[in-house]
Each structure stands twice: as structure tokens, then as C-alpha cells.
Asker: 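Questions regarding the structure given below will be posed in turn.
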Amino acid sequence: MERFGEHYLEERKLVKRWSGPIPALVSLLLTLTVFYATWWIFQDPRGLMRMYTPYIGYMYCRWWLIMMIWMVYIFDFWPFKRKWLETAHPLVKGTVLTLISVAILLALVKGFFEGFLGNYGLAYFNPEQLEKLDGITSFFAAEYSALAILMFAAIASWLSPAWVVAMENAPWNKMPQPARGFSILTITFFLSTIVYFVTMHPHMGILYHPWQYFTSIAPPYWEKFADTVSGNFHVSWIMCCTVVVWLVETIWERYPFNLIKNNWLRRFATFFGIILIALAMHFFLYFAQELTWGEAIRGTRRAFSPDWRWLHVGEMAIFFLVPALFLAFYCDNWPKKFSMPVNVATRTIVCLVAAVVLYIAYYKTSHLFLGTQKGFSHPQQFPMIPTIWLINIWLAHHWFMDNWPAWKMVPKTAHEIEADHNAARARIDDIRFTPKFVTGIGAGLAIGVLFYVVTVWALPGLYEIIDIIPKN
Amino acid sequence: MSEKLKRRDFLKGAITGTGIGVLGAMGAYSYSGARKALFSKAERNMTDIGTCKSVKVTNISETSWFDNQTLVGDIKGAGGLLVDQYSYNWAPFGNGTGLGKGSYADGIAMIKQYLPHDLDKAWEIAQANSVNPDNAGGYSCLLEVEELDGNKRKFLLDSGWSYKWMDECFKREGIDKMLENREIEALFISHEHFDHYWGLPVTMKYDPTITIYIPEGFYPEGKQYIKDAGHTGKLIEVKNGLCKQIPGMASYVFPIPIICRVYGEQSLYFNIKDKGLVSVTGCCHQGIIRFAETAYKEIKYENDQCHGIYGGLHISPFDDWDPKYDDLVISLERYGFERIGCNHCTGVLCAKKFISAGYPVIEGTARFRSKDKAYLGNGDTITFG
Ligand SMILES: [Fe+2]
Ligand SMILES: [Fe+2]
């Protein structure tokens, strides 16, 4: 039976063409070059297509990410045959698969959201429908509808991979492609729609005057809790979910959820564990802003407004994802030589440090070359767009092009695959619930809480020293 | 089990536990009510800026552009809200190459020789080379401050955009004569935006010696324009933060990034005897609540009362909307302003929302191309105190 790309990513062996860190550096340089060239062509406000308006560019950027997740994670490269994936030149594969992802992207945005939903269901998905309303200029009509479509994307970019990573494709994991792909696509799209209706739809419902009491809950139910009526409150935790899904999948190797032996328990624990971890990030990163910049004041604009603070939580989270993916894609998920918890902790610390460095570098310099504005809170400052754009390029490069040219793809032999599985099992078996392990956990809990307390105590002073952008 | 293995098990457990402990603490404490104990109560500086008797504002022009659709169409066509304002090819810096392809250097080269003495000619050239030049209007107002002893002092805030429109407005309100007679002490530029700043030569035409205050953060083109517009007087670049001007009047520079590649805005505070604080702004890109909160933190004012507002509040300049603006409409109540004279980039939609929320919005007369009586229009005046 044709397997298409099922387990293709695990069953390919990427062989470095040069030793040491050279392949990673070459790939970084190469992808950054492609990033900058395509940024200029598509996004840059000074460039050719200037899609960074910002929402139009943002919408395509987010959905393109999901298209690749659909093709690779949900459909296992179906309908492409395994033979082709293994033998076609990476440049050919990269071109063909990228073009297909873009074609689906356009069909989805133009055909499904704007054309179908926007004309027959919810007017706010279609700019042309919005323009018919009194006082709405065509620019904002396009921005509003892009906003609605991209808010949907934010949810889908969490749920689509979550079903594969956390739910392990169950209960369709034994089904052949494309039946499995369609099943997972249906369930994740369905869940995304429900989440959309209870998180983002009320935001769209008060975007117009008068508030659309008839069709959405106005003011939105989260007003008191979030200190804002803006849907950015949800953008925040949903972004954190997206980031955590990928952390779990890459640098965390699904630890510690993979210790759970019962299949369904493990799946649900992972699925909801991701949400809980995301919520912890969501609240902490908001708190971190209060500690460094001061309490938010409702009704202000920009850096002091709760709605922007929530958005910025999502922005901070994405800075964490960039180094994590780089580590996983180009550094072979270094380090691997210790036990799983030590490896996971080392990677997490490395990524945290890298995220902070990237964050500082981004806000200090990006306006000099991206055509964006200086400052944290400019209404058109969306660090998620360039970071996700870069991530998209990495995904295309890593998934579609086997890290060409710094690596060469060789299919693993049956023997090697077997060895991989054994090694994975051994890593899990290496964690035993001995009395020492349990005392270790107890001690760790105390250390963790202490670490949190120290962080909270030190954060204002640390920020003061770094002073990324001189304050008023 | 060997000691070494036991130690390794302990280590694995400890690392796992640390992760859980950190995440648990993050989730449990970070957004709990208990965290608020850590925030220091806002310390008030209570800087004394003195008091004045009254301030009268004459709205010279608040109509920065006449048609939203045209302006927003230009912005969209040029690549959105981040594009450098000097590259739009808007008047007076048009170079004839079309939307989004202009530059300050090209534009100014065509008109520099006529600045500031022959603005009709300069604008005529600009009209021929720019995109939608007749959509340009401008923002500018006259401030007459009465000191406690009855002495009156005049200042200008901003100089608008279109040479043609602003010259008309200056004449309508007699600003031309006041400038020629050197009655106006200084010109405050709120920020570098086209609609507040590009009409600078109109002020220069009548008084090139006037003292100009600009906020920190102008781009090189903007600074060059002051020279190119024929200014011969004193230029003061105001640093971020509070700057006392005369008794009862201070400016405040906010270092904030603004659309169309502009950075920093300067706004004015007045402390009116027995009444309280009056805020006068160009666009108020920093936000009216931040402006009021800053006053609360920084300066001392009569009765600790926010009395009035004049100017653009930059809420929905293009009649666009976002739920975060509802946050503002809902929260403004807490500040207790007694007279709200808003216009310009506040947006008619927002003024209407203010009125339906029951705020004391001072209505206007909708003359001289101002669009709606919901707010103070061109030629209208408001006196605080
Ligand atoms: Fe303005
Ligand atoms: Fe402005």
C-alpha cells in the first residue's frame, strides 16, 4: 500500500555535507537571505507588493503556515508518492510543494473565506460587503476582513498541529491517507470554528457602530476579567498554545507527557497540558510587562493599554518559538547525550536565552531593515509577521527541501528505523518512578517556585539595566 | 541500585519538578489579585507649573484632509500606514512620479526657491506634481493665555498642511496680521505629521523669526524643512518629558512611534486658576488617558481636577474602529473632564459615542468645511477659565 509521506520526516536521515556547525550556519545564512528577499517582494512597506498593511500580509503569513501544516502533518504529503519524496531533487520538491501550498492558500482565503463565508454568511469576512456600509473606507474594509480571517488562522495554527502532536491522530491513526487527513482536517476545522465563535466573533461584533447586540455578546463576556473588550485577550493565550504545541513537539520531545503509558490518558493529558502551560505563559508574560513597564491603564493606547499588553504576550511567545525551531531543524535538537529531562531543560534554557537576545535585537534594530516602525507598541508593529514569515521559510526548507543544500537526505534503512524506535523507548524507560525520582520532583517543585519568586523580584531591575528602548 | 543511579534519578526528578514548579507558580500567581501588592503606588511628582487665568483656543483649522476615502486610498496605494510620509508624493513634496515614489529631496528641490515668500507659486508647482493635492487641509490653532495679572500671550500650535488652505484660514482668523505684528511668541509643532507640519512655510511667510519648538524625534527631512522653509528665528528641540513654558503652561513630549514614519509628539498642559487642568493636543497619538495619567503623575494642578480638553484625540481619524477604542470610551468617565472640545483625528464616530455615553462634549457650528456639529469645527473657539 502506498504510504505517501507517512512518517517521512522521522524516517529520513539528514546527512551533513560538512562537519561541525557549518551546515547550520550556511542554512541560517541562506534562509535569512531568502527571508529578506521575499520580505522585500511581499511584505515590506517599501518593497514591491507591500502586503504589510499590516493585516493583509499577516493573514497570508498565518494561513500559509497552516497550509504547510495541513500538507505535511495532517495529510502526510498526500497525494505525493513516497518514491517521489525520496528521489526528487529538493529544489524541485520545494518549488512544487510551495506552489501547491500557495494555491490552496489562495483558494481558502479568496474562495472560502471572502467568497463563500463573506458573501453568504458573515459579511465581515468580505471587504466588498464591508465597503457597502456607511463610512467604511476600502482600506479599512480590507483590513477588518483580513483581521477576521487571520484570527481564525491563529486558532487553526494551534489546533491543526495539536491534533497530530497531542492526540497522535487518534482515533484515525490507523486509517490510510487521504481519509485520515480529511478526518483530522474536519475535526480541527470544526473545533477552530467553535473556538472562533466564542473568542473572536464577539470582537468583530463590536467593531462596528452600533454594537451588534443581536448577533454577538456585547460587551464581550471577558471584559471584566481581561480589563478590555478587545479579542487580543484571546489572541494572547491562543498564540501561547501555538508556541507550546511546537515546543512539546520539538525541543521537549513530548516530555513529560510521553511517560504516560495509557494511550488516551496520554493524549488528553498532552492536549490539555498544552493549554495549561499556555495559560501559565499567558498570565506570566502579562505580569512581566506589569513588572517592567508598570500596570496597564484601560483606555490608554499602545504600551499601557491592556489590549496591547495581551497582544504583546503572544508576540513575546513567538520570540521563544524561533530559536526552538532552529535548534530542532538545524542543530539536530541539540543536546541529545544526556537523559531526557536534562536534554529538555538544556534546550529550554538555551532557547530562553536566545529568545531574550532575539527580542532585544529585534526591537533595537528591526525597524532599520524591515521597513517597520521603531518602538514596541506602534499599531503597525507586528513582530509576529516577520518571525512567522521566517518560520514559514524554515518549514518549507526543512519539510519540503530536506535542509538542502547543507544536508543530504538518505532514507533510513529498516534497521535504522527499528534502532530509532528502540532508542526512543529506552529514553522513556530511562525515567523510572523510584523513590529518589519522587523526592527529586518534590525538591524540584520547591526550586521551581523559588526560581519564579526570584525572577519576579529581579525582573524590574534587570529590565532597567537593559533598557531596550529609552523610556519617556 | 547504585548510589550513582540514585543520584541521577534524583536529578531527573528535580529537573522535571522545577519545570512543573515554575509553570505552576506562573499560572497560579501571575494574574491573581495577590500580585497587585507588588505594584508601587504611583508616586506623584507634583511639579509646580504655576497657574494662569484662562486659555482661549481658536480653531484655525481642524480639517486635515477633506475626504477620508481619498486619503486612505492614497495610504493604501502607497503601501499602508508604515510608509514614510515623505515618499507618498503628497503636496508639497510631489516630484511627478506618482503615488509612493516621492522623496523629500526631489520634492523640495522643485519649490525651495519660492519659500516662504511666494507660496502661491510653490503650491501651484506642488499641485502639478503631487497626488491629490486638493485633498490637503491642515491642523492649527491659536492659543491665547491670560496670565494672572491680566497680561495676554499668544502661541500657535501647528501650522497645517496645504499652503493654499492654511493661508486662507490664517487670513480668516487674522493670524497673518498677528504674525506680521510679532504678537505671537512661538510656534509649537506637535509632531512631524504632514497635516500639522508641512504647512510650516505659511507661518514663515508672515514671521520667519518666530521661535519654533519641535519635539525630540524629528527625522532629518523634517529638520531640513525648517531651514528650507526660510526660518531665521530660534529653534528649540524639546527633550522627552515635561518642559515648563510660562506660568500655568507647560509642554510634554511623549516618545512614541506614530504612523507614516513619525516619532514623538509634544502636547500642552494648562493649569487654570480655580478650575483645573486643561490639555491641548495636536493629534494626541499618546492617547488622552495616558496624557491625563501623565499629568496626574507629573504635575500639580488646581483642585486636582481634570477640567478640559481641546484638540485631536486620535481615536478614529479615518472613521475606523477597534474594540480598544471602546475601552477608551468606557474608561474616560473615570477622569471627570468637565468640557471636551475634541475634533480633528478624534473622528466623528467617536464624538458621537462620547455624546451617547453622556460626556460634556462641546458642540460646534460645522462651518468652513468642518463636517459635523458633533465637535468644534473650523473658526469655532472655546475658552477655559
Ligand atoms: Fe493629525
Ligand atoms: Fe498625527
Asker: Any chance you could measure A:T434, atom OG1, to B:F10, atom CZ, to the nearest 0.5 Å?
Answerer: 11.0 Å
Asker: Highest number of heavy-atom pairs under 4.5 Å with chain A: which of B:V83, B:D320, B:L328, B:I15?
Answerer: B:D320
Asker: For A:R46, is it the side chain, the backbone, both, or neither that has a heavy atom closer than 4.5 Å to a heavy atom of chain B?
Answerer: neither
Asker: Which pair of non-hydrogen atoms, one from A:V229 and one from B:D327, has the smallest distance, and what is that distance?
Answerer: N-OD1, 3.0 Å
Asker: So with a 6.0 Å cut-off around CD of B:E333, is the heavy-atom count from everything else above 12?
Answerer: no
Asker: If you apply the rule side chain to side chain contact (heavy atoms under 4.5 Å, CB included), what do you find for A:R298 with B:I330, and how did you get there?
Answerer: CA-CA 9 Å; A:R298 190 172 176 202; B:I330 294 166; 3.5 Å; yes
Asker: Hydrogens and angles aside, do A:T137 and B:N68 bring a side-chain donor and acceptor to less than 3.5 Å of each other?
Answerer: no
Asker: Using every non-hydrogen atom in the two residues, find where A:Y452 and B:M26 come nearest and quote the distance to one decimal.
Answerer: CE1-CA, 3.6 Å
Asker: Using non-hydrogen atoms and a 4.5 Å limit, figure out which bit of B:Q286 sits close to chain A: side chain, backbone, both or neither.
Answerer: backbone
Asker: Please report the interatomic distance CZ(B:R35) to CD(A:E290), rounded to the nearest 0.5 Å.
Answerer: 4.0 Å
Asker: Side chain, backbone, both or neither: which part of A:N232 has a non-hydrogen atom closer than 4.5 Å to chain B?
Answerer: neither
Asker: Under 4.5 Å from any heavy atom of chain A, what part of B:L332 do you find: side chain, backbone, both or neither?
Answerer: neither
Asker: Less than 4.5 Å to any heavy atom of chain B: does that hold for the side chain of A:S138, its backbone, both, or neither?
Answerer: both
Asker: Is B:K239 close to chain A through its backbone or its side chain, or both, or neither, when contacts mean heavy atoms under 4.5 Å?
Answerer: neither
Asker: Would you mind checking which part of B:R8 comes under 4.5 Å of any heavy atom in chain A, side chain (CB onward), backbone (N, CA, C, O), both or neither?
Answerer: side chain
Asker: What part of B:I288 gets within 4.5 angstrom of chain A, counting heavy atoms only: side chain, backbone, both, or neither?
Answerer: neither
Asker: Show the numbers, then the answer: is there a side chain to side chain contact (heavy atoms under 4.5 Å, CB included) between A:Y255 and B:T16?
Answerer: CA-CA 9 Å; A:Y255 183 79; B:T16 310; 2.5 Å; yes
Asker: Please look at A:W310 and chain B and tell me whether the side chain, the backbone, both or neither of the residue comes under 4.5 angstrom of a heavy atom of that chain.
Answerer: side chain
Asker: Report which part of A:E223 has an atom under 4.5 Å of a heavy atom belonging to chain B: side chain, backbone, both, or neither.
Answerer: side chain
Asker: What part of B:L23 is in contact with chain A, defined as an atom under 4.5 angstrom from a non-hydrogen atom: side chain, backbone, both or neither?
Answerer: both
Asker: Heavy-atom distance under 4.5 Å to chain A: side chain of B:K353, backbone, both or neither?
Answerer: side chain
Asker: Hey, mind stepping through B:V72 and A:E143 against side chain to side chain contact (heavy atoms under 4.5 Å, CB included) and telling me if it holds?
Answerer: CA-CA 12 Å; B:V72 177; A:E143 289 291 275; over 6 Å; no
Asker: Could you pull out the closest heavy-atom pair between A:K436 and B:D9, with the gap in Å?
Answerer: CB-CB, 4.0 Å
Asker: Does some side-chain heavy atom of A:F287 sit less than 4.5 Å from a side-chain heavy atom of B:L38?
Answerer: yes
Asker: Quick check on B:F291 against chain A: is it the side chain, the backbone, both or neither that has a heavy atom closer than 4.5 Å?
Answerer: neither
Asker: Side chain, backbone, both or neither: which part of B:V329 has an atom under 4.5 Å from a heavy atom of chain A?
Answerer: neither
Asker: Tell me, for A:Y144 versus chain B, whether the close heavy atoms (under 4.5 Å) come from the side chain, the backbone, both or neither.
Answerer: side chain
Asker: Taking B:T18 as the fixed residue, which of A:I441, A:I447, A:L450, A:L445 is the one that meets the side chain to side chain contact (heavy atoms under 4.5 Å, CB included) rule?
Answerer: A:I447
Asker: A:W211 versus chain B, heavy atoms under 4.5 Å apart: side chain, backbone, both or neither?
Answerer: side chain
Asker: Does a sphere of radius 6.0 Å around CD1 in A:I217 hold more than 12 heavy atoms from other residues, nucleotides or ligands, not counting ones at 6.0 Å or beyond?
Answerer: no
Asker: So, for B:P257 and A:G375, which heavy atoms are closest and what is the spacing to 0.1 Å?
Answerer: CG-CA, 4.0 Å
Asker: Side chain, backbone, both or neither: which part of A:M204 has a non-hydrogen atom closer than 4.5 Å to chain B?
Answerer: neither
Asker: Minimum heavy-atom separation for A:I206 to B:W321, with atom names?
Answerer: O-CD1, 3.7 Å
Asker: Compare every heavy atom of B:Q69 with every heavy atom of A:I136, then report the nearest pair and how far apart it is.
Answerer: O-OE1, 4.2 Å
Asker: Measure up the B:Y31 and A:F283 rings against each other and bin them: parallel (under 30°), tilted (30 to 60°), perpendicular (over 60°).
Answerer: parallel
Asker: Examine whether an atom of A:V344 lies under 4.5 Å from a heavy atom of chain B, and if so say whether it belongs to the side chain, the backbone or both; otherwise answer neither.
Answerer: neither
Asker: For chain A, find which of B:G21, B:A28, B:G77, B:G13 contributes the most heavy-atom pairs closer than 4.5 angstrom.
Answerer: B:G13
